[in-house]
Amino acid sequence: MTTESILAVAALAVACLTFGVQAGTALAQRRIRFIEADNAQLSRELRELKAK
């Protein structure tokens, strides 16, 4: 392989890893928001039950 092709393969690998990390981060952030919303709902329900 020539130096140019090695660099091209390395650049592609870095781009794929970067995209994968960004996609994973976005999924994790969505999951965190879902958990926070669920937690808030459970907290409201608990307060309602305690008030009864």
Side-chain angles (χ1 to χ4, degrees):
M1 290 177 78
T2 65
T3 302
E4 291 83 10
S5 60
I6 292 171
L7 290 175
V9 169
L12 181 60
V14 169
C16 288
L17 288 172
T18 301
F19 177 76
V21 168
Q22 289 173 346
T25 300
L27 286 173
Q29 288 171 340
R30 277 199 299 253
R31 181 72 179 142
I32 288 168
R33 284 193 296 271
F34 173 79
I35 291 169
E36 288 172 340
D38 192 43
N39 186 42
Q41 177 64 31
L42 291 172
S43 294
R44 282 191 296 274
E45 291 175 9
L46 183 59
R47 280 194 302 275
E48 290 171 7
L49 288 173
K50 285 182 177 179
K52 289 184 179 181

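Sequential numbering from 1 along the given sequence is applied to the chain's residues.
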Under 3.5 Å, side-chain donor or acceptor atoms of residues 32-44 against the rest of the protein: list the pairs with distances, not counting sequence neighbours.
| residue | atom | partner | partner atom | Å |
| --- | --- | --- | --- | --- |
| Gln41 | OE1 | Arg44 | NH2 | 2.7 |
| Gln41 | NE2 | Glu45 | OE2 | 2.8 |
| Ser43 | OG | Asn39 | O | 3.0 |

Applied to residues 10-32, the side-chain hydrogen bond (donor to acceptor under 3.5 Å, both in side chains) test, sequence neighbours excluded, yields none

Going by atom type alone, with no hydrogens or angles, which donor-acceptor pairs under 3.5 Å involve a side-chain atom of residues 6-13 and a protein atom two or more places apart or on another chain?
none

